[in-house]
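Written below as structure tokens is the structure these notes are about.
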Amino acid sequence: MAHYLPLHDWNVSPTEAVALQQQLRSQIRIEPLAEPPKTIAGCDISFNKFEETVYAGIVVLRLDTLETIEEAGVVSTAPFPYIPGLLSFREIPSLLQAWAKLSIEPDVVMFDGHGIAHPRRIGIASHAGLFLNRPTFGCGKSVLVGKFEEPAPERGSWSPMMHYREVIGAALRTKNKVNPVFVSPGHLIDLETAISLTLQCDGGRNGTGYRLPEPTRRAHNLVNALRKGERASTV
DNA sequence: GCGACAG
DNA sequence: ATCTTGTCGC
């Protein structure tokens with residue numbers, strides 16, 4: 001069973017959540033990877049509109065072949081609502097439950113959202129990185145904060161996301177002439193590596209895959225199947 | 001004060 | 001995020 005550090009309670013109010021982010025941000029380390037990764041995990045949650053029940057899942061794949069080597073899903077409940085800037089308080093609790101079911105401890109974890117490309121520099125990927133104590137990064141479909149110039153139309157090109165004069169992430173083209181995804185380091189990784197890993201997770205290899213990287217796509221498929229009862233939440 | 005606002 | 005069919009473009 002994969003483990004994590006119970007750094008703090010998740011039963012907090014929005015005001016307390018912001019205070020926790022302010023307190024935790026200083027612990028986030030943006031630096032090169034300590035070890036070359038062999039496995040990568042993707043996470044996601046799904047739910048029925050207006051319902052408390054959430055379906056969380058994590059898929060682990062080999063980085064070299066992108067073969068899925070493990071999956072874990074849970075049916076849980078999210079007491080916290082979605083509030084821009086506080087997404088981690090809604091999603092991380094149930095994702096940690098799924099994480100605990102893994103027999104493999106992934107070398108790096110990709111999140112559907114942002115890392116430091118956040119108003120207080122602690123988006124879901126950074127926050128989760130502190131709990132998991134391993135490299136994490138975010139790959140989101142839209143921007144929360146920051147400005148960027150449109151990157152060149154070819155896959156692989158990217159432009160920096162700027163916020164208050166700081167480079168917080170990158171608008172990265174994963175397919176030719178397709179809208180970019182937004183990559184930002186979470187914890188224990190740097191932007192260049194996060195970009196490289198995102199490009200490595202192209203399903204068809206070299207641009208023949210989808211806009212979203214495989215870890216995220218598979219996690220998304222897993223939780224949706226879970227929600228629709230097409231799959232059981234692994235025990 | 002007025003908008004913007006990850007999933 | 002979720003609810004949903006067709007449709008524009010390469």
Side-chain angles (χ1 to χ4, degrees), chain A residues 10 14 17-18 20-21 24-25 28 42-59 73-96 98 109-129 136-148 153-155 161-164 168-187 191 194 198 204 207-213 215-230:
Chain A
W10 292 98
V18 172
L20 269 173
Q21 293 182 321
L24 295 169
R25 60 181 301 181
I28 295 166
C43 328
D44 195 20
I45 72 163
S46 177
F47 55 87
N48 286 311
K49 203 173 183 179
F50 303 135
E51 284 182 20
E52 297 278 296
T53 304
V54 297
Y55 304 81
I58 299 178
V59 177
V74 298
V75 178
S76 184
T77 174
F80 209 90
Y82 166 67
I83 298 174
L86 299 179
L87 175 67
S88 61
F89 290 85
R90 174 176 174 72
E91 303 200 346
I92 291 182
S94 50
L95 285 175
L96 288 177
V109 188
M110 172 189 291
F111 287 82
D112 192 358
H114 302 288
I116 61 171
H118 176 280
R120 290 173 291 283
R121 303 291 181 270
I122 180 166
I124 188 169
S126 299
H127 198 159
T136 58
F137 68 95
C139 179
K141 301 177 289 298
S142 60
V143 173
L144 208 207
V145 294
K147 296 181 178 182
F148 67 96
E154 301 76 39
R155 160 181 161 80
M161 288 170 72
M162 305 297 294
H163 188 54
Y164 289 120
I168 57 174
L172 171 68
R173 200 81 73 184
T174 50
K175 283 177 67 70
N176 293 168
K177 295 179 229 175
V178 167
N179 285 160
V181 292
F182 304 90
V183 179
S184 62
H187 183 49
L191 178 58
T198 299
T208 56
Y210 300 89
R211 174 194 179 213
L212 297 181
T216 292
R217 288 192 64 254
R218 291 184 201 173
H220 196 273
N221 290 335
L222 170 63
V223 297
N224 275 321
L226 232 184
R227 178 169 62 87
K228 296 174 183 173
E230 300 167 353

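We name chains A, B, ... by the order of the sequence lines, and we start the count at 1 in each one.
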Exactly one candidate in L87(A), I28(A), I122(A) meets side-chain contact (heavy atoms from CB on, under 4.5 Å) with H127(A); the answer is I122(A)
Rounded distance (Å) that lies between atom [atom2] of [N] and atom [atom1] of [X]:
X: I122(A); N: dA6(B); atom1: CD1; atom2: P; value: 18 Å
X: E52(A); N: dG7(B); atom1: CD; atom2: P; value: 21 Å
X: R120(A); N: dA6(B); atom1: CZ; atom2: P; value: 13 Å
X: F50(A); N: dG7(B); atom1: CZ; atom2: P; value: 19 Å
X: H163(A); N: dA4(B); atom1: NE2; atom2: C1'; value: 12 Å
X: I45(A); N: dA6(B); atom1: CD1; atom2: P; value: 14 Å
X: L95(A); N: dA6(B); atom1: CG; atom2: P; value: 18 Å
X: H118(A); N: dC5(B); atom1: NE2; atom2: C1'; value: 11 Å

Within the 4.5 Å heavy-atom criterion, are R120(A) and L86(A) side-chain neighbours or not? yes
If we only count heavy atoms from C-beta on, is the N48(A) to F50(A) side-chain gap below 4.5 Å? no
Under 4.0 Å between any heavy atoms, over every strand shown, what does [X] touch: base, sugar-phosphate, or nothing? Just pick one.
X: V143(A); value: sugar-phosphate
X: I92(A); value: nothing
X: H127(A); value: nothing
X: G140(A); value: sugar-phosphate
X: G85(A); value: base

On DNA chain C, more 5' by nearest nucleotide between K177(A) and N48(A) is N48(A)
Counted 5' to 3', the first and last nucleotides of DNA chain C within 4.0 Å (strictly under) of a heavy-atom of chain A are dA1(C) to dC3(C)
Check the phosphate of dA6(B) against K141(A), side-chain N and O only, distance under 4.0 Å to OP1 or OP2. Yes or no? no
Quiz item: Is the ring of Y82(A) stacked on the base of dG7(B), with centres less than 5.5 Å apart and planes under 30° off?
Solution: yes
Between R218(A) and D44(A), is the closest basic N to carboxylate O distance under 4.0 Å? no
| message | Checking T216(A) against D112(A) for the side-chain hydrogen bond (donor to acceptor under 3.5 Å, both in side chains) test, could you report, in this order, the C-alpha distance in whole Å, the side-chain angles of both residues, the deciding distance, and whether it holds? | response | CA-CA 6 Å; T216(A) 292; D112(A) 192 358; 5.4 Å; no
Would I168(A) and S184(A) satisfy side chain to side chain contact (heavy atoms under 4.5 Å, CB included), going step by step from the backbone distance to the final call? CA-CA 6 Å; I168(A) 57 174; S184(A) 62; 5.9 Å; no
Q) Do the rings of F80(A) and F89(A) sit parallel, tilted or perpendicular, given the 30° and 60° boundaries? A) tilted
